[in-house]
Number of protein chains: 2
Amino acid sequence: MLTTSHRQLLRVISESGPLSRTEMAVALGLSKAAMSGLARDLIDLGVLHEAGTVYGQGRPSTRLDLQPEWAFFAGISLIQDPAPMILCDLGGKVIARIDMPLSRDPQTIAQSIAERLPELFKVHPQAAAKIGGIGIALSGFVDERQATCIQSTLLNWQGVPLADIVREHTGINAFIENDAKAIAVHEKLFGSTRDQQNFTVVSLGDGIGCAHVIDGRLYRGNHGGAGEIAHCTIELGGAPCRCGKRGCLDTIASMNAIKEMARVEGFACTTLSDIEQIAATGNAAAIKILHRAGSALGLAIANLIQINDPGLILITHTEDGLQGLFGTVMQQAIETNVLPRYAGQTPIRLHRVSDDIWARGAASIAAHNFLIGPNTN
Amino acid sequence: MLTTSHRQLLRVISESGPLSRTEMAVALGLSKAAMSGLARDLIDLGVLHEAGTVYGQGRPSTRLDLQPEWAFFAGISLIQDPAPMILCDLGGKVIARIDMPLSRDPQTIAQSIAERLPELFKVHPQAAAKIGGIGIALSGFVDERQATCIQSTLLNWQGVPLADIVREHTGINAFIENDAKAIAVHEKLFGSTRDQQNFTVVSLGDGIGCAHVIDGRLYRGNHGGAGEIAHCTIELGGAPCRCGKRGCLDTIASMNAIKEMARVEGFACTTLSDIEQIAATGNAAAIKILHRAGSALGLAIANLIQINDPGLILITHTEDGLQGLFGTVMQQAIETNVLPRYAGQTPIRLHRVSDDIWARGAASIAAHNFLIGPNTN
DNA sequence: GACACTAAGTTCACCGAGTGAACAAATCAA
DNA sequence: TTGATTTGTTCACTCGGTGAACTTAGTGTC
């Protein structure tokens, strides 16, 4: 079994990339003697491997890195139909991808997963033997054990122990997680924010998701509801939202809302880029829609910065067109609504992602549990 | 010296109150054998003492509690004039209180503190010998070492290493902290939220402060700016704020703002209660002021709940009258602007505090560092 | 090419915080 | 009085860690 020190070491490598034994010792605050043993353990297990030599003065150092093929992880997104199902390795690389029919019935979902796993495993002869876990991303609230869906409006669930059900059907360790939180863990483990200890992810898909990483760990809040930025009230007495409130950010700035408003205006468009193009011709209605959406999202993010002062805001988006009016207004709105001292101090990073992001996030949840342990350390 | 385990033990006692050795062993996840040694160490040092016996089946258990007089802490608030200076014991009890002239010059402040300490120490023969540290609360941003004031508009400071200066003048370990964060630490260490691991404090004084405790620790954000809720934009294009923005919560819902608006309306009033009384007579202008302030604060808190999902919101207020229109509207605004599923799930606790709260908070910062160690564990 | 120099990584005796099991202590219940 | 029960201590032992000495594998200089 892996001790706490082994896991800490794996965490450091996942954050910093390949390191020499001496560098690892410094990073963990351990002696070279202790590191020597830890490294040997993990190399013997096949988790780490020697990856290159760095020459300098004195004896060259051997860099140790994760062995990507030591373990594989399946990830499924239940927020798309059909539901994508991917297989990735310990480096986060997607090595297989298939689709699965979406269902609202937990048993059916578990059965579908169990049935389709063999196909996913075909891509690598040892995938089945080395599977480290299954992760599932869904829209809704998940308990801190990442096992039970406390509530999901989209799936019409309440207290569904999906992880246990999938575990029973597949015999493989399974975890579930909220969609935005899964993306946050993905970015922390495999993405561009590996080395960041405090950041917030805002994910722009059809809806708006958000999740916080604090002190290097996912922060889920007391009821698993941290990051529900989509239902912050932006326009007092605004349009009714499906959540029952009025003027939620989701009704103004989500891709769904933007497209719906465009449809009402009679525009024939299916993507953000389409609307941006119409706005670029000077169309007042299109400009208004994008301007309103951009400033709403910017205001919400500005409030978030004021409240939490994260080290970075990573905005992941599945659509192109973030360089247009919407994105520009958003950035301006952030600037104008953040304390002048802070304006510009919090980097806003845009990151275009594919539709696989949720499935990859789901797999990351499994990888995180397997590699570093449950989030509660 | 105290080991990590000793400090963990002290943290548990500060969270749970007196416990038997066996209960502590369970709380720390240690064996009875290990606990036996740890407890003896701390009793020998004089930190813990046996406080009462609990009878049940079997051998009765002896409860161990902190020895309040093991150490004393000084706390100074630089957000009031004159600046209150208090001495408290390890139990958080205030045992002396004097005033100090407020200055903006760090050297003068340090000198004033050094000069007045002897008077503060008079109250207890061993106070001077057992002083564990000095804490200073101020309005502004503080670095994570709790040593340097990065920036303070009120004091017109930028990068002032006040803690070091005070340490030089007094020979006593000193720490500084932002006012709202000091209150949060006070409530965590000595207040009603000792046992809570995730909560947010909103402090209503002349201005509005806010700070988060996450996983039992103060969360200061990446630039020490977490909790700057006062400068969240509530009214787009609203009145200009001294921070340079417009429509900040501070311009609508702080006690200063409420009183200023009342003054403009020609009301002769100096407290929130005065305005509440005028509103109670049906005066439309007074009602409007309070309604607007209450809904603004409620909206800000609702956004905070959506973003962070804290386990509890503790609202500390130095004025009476929170049971009136302002408080009622605030609570309603929280309810209506929080996701229906969550409405009412996050307890909102009101806590009337004295003007000493900041000085007590300051002392708590010193106590926390002395007892549990720097926040970075 | 020999030799000093430097830094990486290993080995080994040792330390100390923790454990489990046995035991002493202090009470209640019959 | 005796037995049951639970608290708290003692003690031999384990195990993750350390510091210091050592081996290893390069570079730089003459």
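These numbers come from the heavy atoms of this one structure, side chains and all, not from hydrogens, waters or symmetry mates. Throughout, a chain's letter reflects where its sequence line sits, starting with A, and its residues are numbered from 1.
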side-chain hydrogen bond (donor to acceptor under 3.5 Å, both in side chains) evaluation trace for A/His49 with A/Asp65: CA-CA 6 Å; A/His49 68 130; A/Asp65 200 1; 4.9 Å; no
Those residues of residues 29-36 of chain B lying under 4.0 Å from DNA chain C by at least one heavy atom: B/Gly29, B/Leu30, B/Ser31, B/Ala33, B/Ala34
Salt bridge present between B/Glu177 and B/Arg220 (N-O < 4.0 angstrom): yes
Parallel, tilted or perpendicular, as decided by the 30° and 60° cut-offs, for the rings of B/Phe370 and B/Phe73: perpendicular
Nearest atoms (heavy-atom pairs only) where A/Arg21 meets A/Ala39: NE-CB, 3.9 Å
Which atom of B/Ala211 lies closest to which atom of B/Ala180, heavy atoms considered: CB-O, 3.7 Å
Salt-bridge criterion met for B/Lys188 and B/Glu15 (N-O under 4.0 Å): yes
Interface limits on DNA chain C, where chain A has a heavy atom under 4.0 Å of a nucleotide atom: C/dT6 to C/dC12
Trace of the side-chain hydrogen bond (donor to acceptor under 3.5 Å, both in side chains) decision for A/Asn308 with B/Asn308: CA-CA 9 Å; A/Asn308 277 345; B/Asn308 277 346; 2.7 Å; yes
Heavy-atom closest contact (B/Val123 atom, B/Ala96 atom, distance): CG1-CB, 3.8 Å
Salt bridge (charged side-chain N to carboxylate O under 4.0 Å, His left out) partners for A/Asp215, two or more places apart: B/Arg217
Closest contact, heavy atoms only, B/Ile76 versus B/Ala362: O-CB, 3.4 Å
Contact list for DNA chain C against residues 38-60 of chain B - heavy-atom distance below 4.0 Å: B/Tyr55, B/Gly56, B/Gly58, B/Arg59, B/Pro60
OG on B/Ser5 to CG on B/Leu38, rounded to 0.5 Å: 5.5 Å
Separation of B/Ser364 OG from B/Lys181 NZ (nearest 0.5 Å): 15.5 Å
Aromatic contact, B/Phe72 with B/His124 (centres under 6.0 Å): yes
Contacting residues from residues 14-26 of chain A, given that a heavy atom lies under 4.0 angstrom of DNA chain C: A/Ser20, A/Arg21, A/Thr22
Phosphate OP1/OP2 of D/dG8 contacted by B/Thr62 side-chain N/O (<4.0 Å): yes
Value rounded to 0.5 Å, distance of CD1 in B/Ile372 from CZ in B/Arg7: 9.0 Å
Worked check of side-chain contact (heavy atoms from CB on, under 4.5 Å) between A/Asn198 and B/Tyr219: CA-CA 10 Å; A/Asn198 291 293; B/Tyr219 173 65; 3.6 Å; yes
Is there any protein nitrogen or oxygen under 3.5 Å from a nitrogen or oxygen in nucleotides 12-16 of chain D, and what are the pairs?
none

